[in-house]
Every structure is written in C-alpha cells, then in structure tokens.
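Note sheet for the following structure.
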Amino acid sequence: MLESYIEQLQRVETLGELNDQVVALRDTLDVEHVVYHSVNSTGEQYAALTYSPEWVQRYLDEDYTRIDPVVQACYRRFHPIDWKRLDWTNKNVRNFHGEAIDSGIGNQGFSVPIRGPSGQFALFTVSGNASDDKWASYTQEHVRDLLLVSHFVNQKALELERGTDQVQTVSLSPRETDALTMLAMSYNRAQAADSLSISEHTLRVYIESARFKLTAMNTTHAVARALSQGLLII
Amino acid sequence: MLRYIYADDLHRFPRLARSMFVDRAKQFHDRLRWDVTLRDDGTERDDYDDANPLYVIWEDTTGGHGGSMRFLPTTGDTMVNDHFLHLTDGVEIKSPFIWECTRFCLAPGAPAQVSAALMLGGMELGLNNHLSHSVGVFDARMVRIYARLGWGPTILGTAGQGRDATSVGLWAFEPELRPRLLSRAGITDEMSRHWYDRSFGALTPTAKPALSA
C-alpha cells in the first residue's frame, strides 16, 4: 500500500502535484488530516495540508504559532511526539485546542519534526478522532511508516526546491553498492556481511543508509529501485 | 539524575550547562588533546552545538554536570558525515532511524555509574524514538569501557594513535540490553521512565472535547 504510494510520490514534478500527494496521504494513512510544513535555510516556507481553509485562516489571523504546543515542542527539534505528551493545560492553549477540535482537526495527533541538510526544518503531522487506546495502537503499528513517509515527502520537497531540471540521480558509495549487490544476488545478511568482511550491524547500517537515499520502504524495495536505476551490476 | 535537554532549553539550567561545557574542555582539550576550540570562558563548543542538538546529561547531587553526550539526527548535518567519511568506508550515514552521538564526556572524578547511566539514557532515547542504531565518534580507548558496561559498539574505523585515537562506531538499540544497563547504572525501570517523561512530557489521557461554553 505505502510502497505504491511512494512510487507515485517519486513521480511528482511540481509543488502542486506534491500538494495532491500530501492530500492523498490522508486516505493512504487512514487519518483525518495530514500536514507538511517546511522552512528552508533561508526562511522560505512551503505547506501542504488538508485542514479546512477557514481553520488555516483563523490560525494565521490569530497567530496561533505563538501558543500552539505542537509548534513549541517541535520547532527545530527532532524527536517525534504524540500530542498527549504536550502540555495543553494553560487556559489560552485549552481554548485554542477546543477551537481546533471544533474545526475538525481531531482530538489526537502525532507530529514528526524533520531535520534536513543545512538547517532545513520541516514538520509532518497526522491527526484524527479516536479513543486514546485506538490512537495508541494506531501509532504503535504505523510509527515506522509515518517516520519514513514524512521524510520521503520532505526529500521530494527538497528535490523540487533544488529544481526539477536537474536529473534526479541517487549516488551510492561503493560499499552501499556492494551491500545491495550481495542482497540482489540472494545472499542473506550473514553471508553478505561475511563476503564483504564487515559485521552484520555495519552491513545493516549501510543498507539502511542506501535504502533511505533510494526512497525505498524496505530492503527488497531498495534492491529493486537500485536495479531499476542501473546502480547495481550483477 | 538523567536529563534530556535540547540546546535551546539549556538556558533554563545555567549551572548544569556551563559545567558541561567546562568539563568538555577539560576532557577533550586538556586530557585527550583533541583539536577542539576553547572559548575565552574556558568552555568547549563547536558548530554542532549551534544546531540545536539534544543532550543527555547526568546531573550530580549538587546540580552540576556529572557526564553528558550529544545527539543529532543523521538526516541533517552531522560530524560523522562532514568529517569522518574516511572511517565509514565512504558511506554517508543518513536515516531517520539513526542518530549521531558525539562528545561523550565525564566530569573529573565522576563515579563509574555515571557512564552506565549515560549509556542507559542513550538506550532510552533510541527505544522511545524507534531508532535502529546510533553512530558515534569517540575516544578509541573507551571501547573497552563501553563493552564492560554491557553495550559495546561495532567499530567502523579508527584514526590516530594513543590518546589521539578517534573511532567511529555503531550502537544497536536492542531492548534486551536495557535491563543490564539499568542494573549497571543502579537505576530502576520506573525511575528511568520517570526521568524520560519529565523531559519529554508524560502521555496524559486526552480530555473529553470541552463543550462550548
């Protein structure tokens, strides 16, 4: 499911299309809302989100970034956070929270702050209506997907910012190529590590790094992408 | 006690913060003689301290620094990727599931449990944030100490010799190692969770949506 989503995301060539893909994530992830908001190193901003235009306008008019606990907790930071860990007790914050819920944001949320190169920062959020138990099991089950997809959206946004006329190429280091090549030849991890004279942990980290650069959901997907891009010679 | 503090929050802990940067000067400049820059006030800081890293700090009973280390996500700029590619086989390590750990520092005369407590703090960060590994830059002679504490790294590479020897290594976040670290640090499961929640906020049940007044 997410794998085919990532394939679509890869084909995006404009910010308009990226916006459509962020909106499409709402169904893919089965949540009420998805928000992606990026601030680059020169302070330029880009946002794609599913909130109602009325709520967005209200938020901007009231300058709610001042008190929004999600912004306070996530700005320039990098650990993902369930909104239940935030402090909503202050009276202004309570009112803001009530308004947000009335505007259909949902009573639950999970935010992933993203740190890109050269001080780039982005925030990715999913929100919805659920009991605490339901939400806990949802986030527990999907946290890995949420972390991955949020970073892949960010990588795409960064790529578009650099300009689409540049041919998108992933460059892997020789060691990453070696590791993926071994897996493509159906070696298991232990055999691959042994052949490359490295430990299995080292192999895992090299594969993980390559997987992330290739925007792949898992190892199999990474090998397939590397093969289709002609990065591996078998 | 363990504290998890982002750089932009350090101002709330002025004594702890200052003693951490002073102890870093003592360890990395005076003792190990690494090529680090000291400031006029006797503290050691680098560019990565300006990138809003997350510190894990052991606060001693007087409110001073007992030991610390510094974390940054590898999706952003990191010391390993900027300066130590020759020790990682040229692999630029980047993943949302890998954070970098640098500047593992102990206050002079810190008791042995402090090292264990810091390792525990690192483990808590990893397990709570769904990380697979941490990639670290450290004084090569610490390898035996890390291993003795029950959580040794996989060495990717080492440069230099003697007290100049600097290694890059990987720590895997494996939940089954946590009990051993708790016991080496002499810290209970409950206390460690409590310290974590105090820094990052506890999971509090969602209030029922307030009825409009």
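Note on naming: letters A, B, ... go to the chains in the order of the sequence lines (proteins, then strands), and numbering restarts at 1 for each one. Keep in mind that this is a model prediction, so the values were computed, not measured.
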Is it the side chain or the backbone of [X] that comes within 4.5 Å of chain B heavy atoms, both, or neither?
X        : value
A:Gln108 : side chain
A:His151 : side chain
A:Arg144 : both
A:Thr202 : both

Looking at A:Lys156 and A:Glu159, is any side-chain nitrogen of the basic one under 4.0 Å from a carboxylate oxygen of the acidic one?
yes

Taking B:Arg193 first and then B:Glu124, would you say they form a salt bridge - that is, a charged N and a carboxylate O separated by under 4.0 Å?
no

Sort out for me which of B:Pro73, B:Gly90, B:Ala172, B:Gly169 touches chain A most, counting heavy-atom pairs under 4.5 Å.
B:Pro73

Report the option among B:Asn129, B:Val91, B:Leu125, B:Asp197 that has the most heavy-atom pairs separated by less than 4.5 Å from atoms of chain A.
B:Val91

Under 4.5 Å heavy-atom distance to chain A, tell me which part of [X] shows up: side chain, backbone, both or neither.
X        : answer
B:Ile98  : side chain
B:Thr154 : side chain
B:Asp82  : neither
B:Ala202 : backbone
B:Phe200 : both
B:Leu54  : both
B:Leu170 : side chain

Less than 6.0 angstrom separating the ring centers of [X] and [Y], yes or no?
X        : Y        : value
B:His133 : B:Phe97  : no
A:His201 : A:Tyr206 : no
B:Trp171 : B:Phe138 : yes
B:Tyr4   : B:Phe71  : no
A:Trp135 : A:Phe110 : no

Decide whether [X] and [Y] meet the rule of one side-chain donor and one side-chain acceptor closer than 3.5 Å.
X        : Y        : value
A:Tyr138 : A:Asp30  : no
B:Tyr55  : B:His65  : no
A:Glu208 : B:Ser95  : yes
A:Asp133 : A:Ser131 : no

Applying side chain to side chain contact (heavy atoms under 4.5 Å, CB included), run through A:Leu148 and A:Ile6 and close with a yes or a no.
CA-CA 10 Å; A:Leu148 273 180; A:Ile6 298 295; over 6 Å; no

Determine which residues belonging to residues 112-125 of chain A lie within contact range of chain B, meaning some heavy atom pair is under 4.5 Å apart, and list them by number or answer 'none'.
A:Arg115, A:Gly116, A:Pro117, A:Ser118, A:Gly119

Among residues 171-184 of chain A, those lying within the under-4.5 Å heavy-atom range of chain B are A:Ser173, A:Arg175, A:Glu176

Would you please classify the geometry between the A:Trp88 ring and the A:Trp83 ring as parallel, tilted or perpendicular, with 30° and 60° separating the classes?
tilted

With under 30° as parallel and over 60° as perpendicular, where do the rings of B:Trp34 and B:Phe28 fit, or are they tilted in between?
tilted

Checking B:Phe173 against B:Ser132 for the side chain to side chain contact (heavy atoms under 4.5 Å, CB included) test, could you report, in this order, the C-alpha distance in whole Å, the side-chain angles of both residues, the deciding distance, and whether it holds?
CA-CA 6 Å; B:Phe173 292 107; B:Ser132 69; 5.9 Å; no

Count the heavy-atom pairs under 4.5 Å between each of A:Ser199, A:Ala73, A:Ser209, A:Pro80 and chain B, then report the option with the highest count.
A:Ser209

Considering only heavy atoms and a distance below 4.5 Å, find which of A:Val205, A:Leu147, A:Asp87 pairs most often with chain B.
A:Val205

Using every non-hydrogen atom in the two residues, find where B:Asp77 and B:Leu72 come nearest and quote the distance to one decimal.
O-CD1, 4.1 Å

Kindly compute the distance separating CG (B:Asp8) from CG (B:Asn52), expressed to the nearest 0.5 Å.
4.0 Å

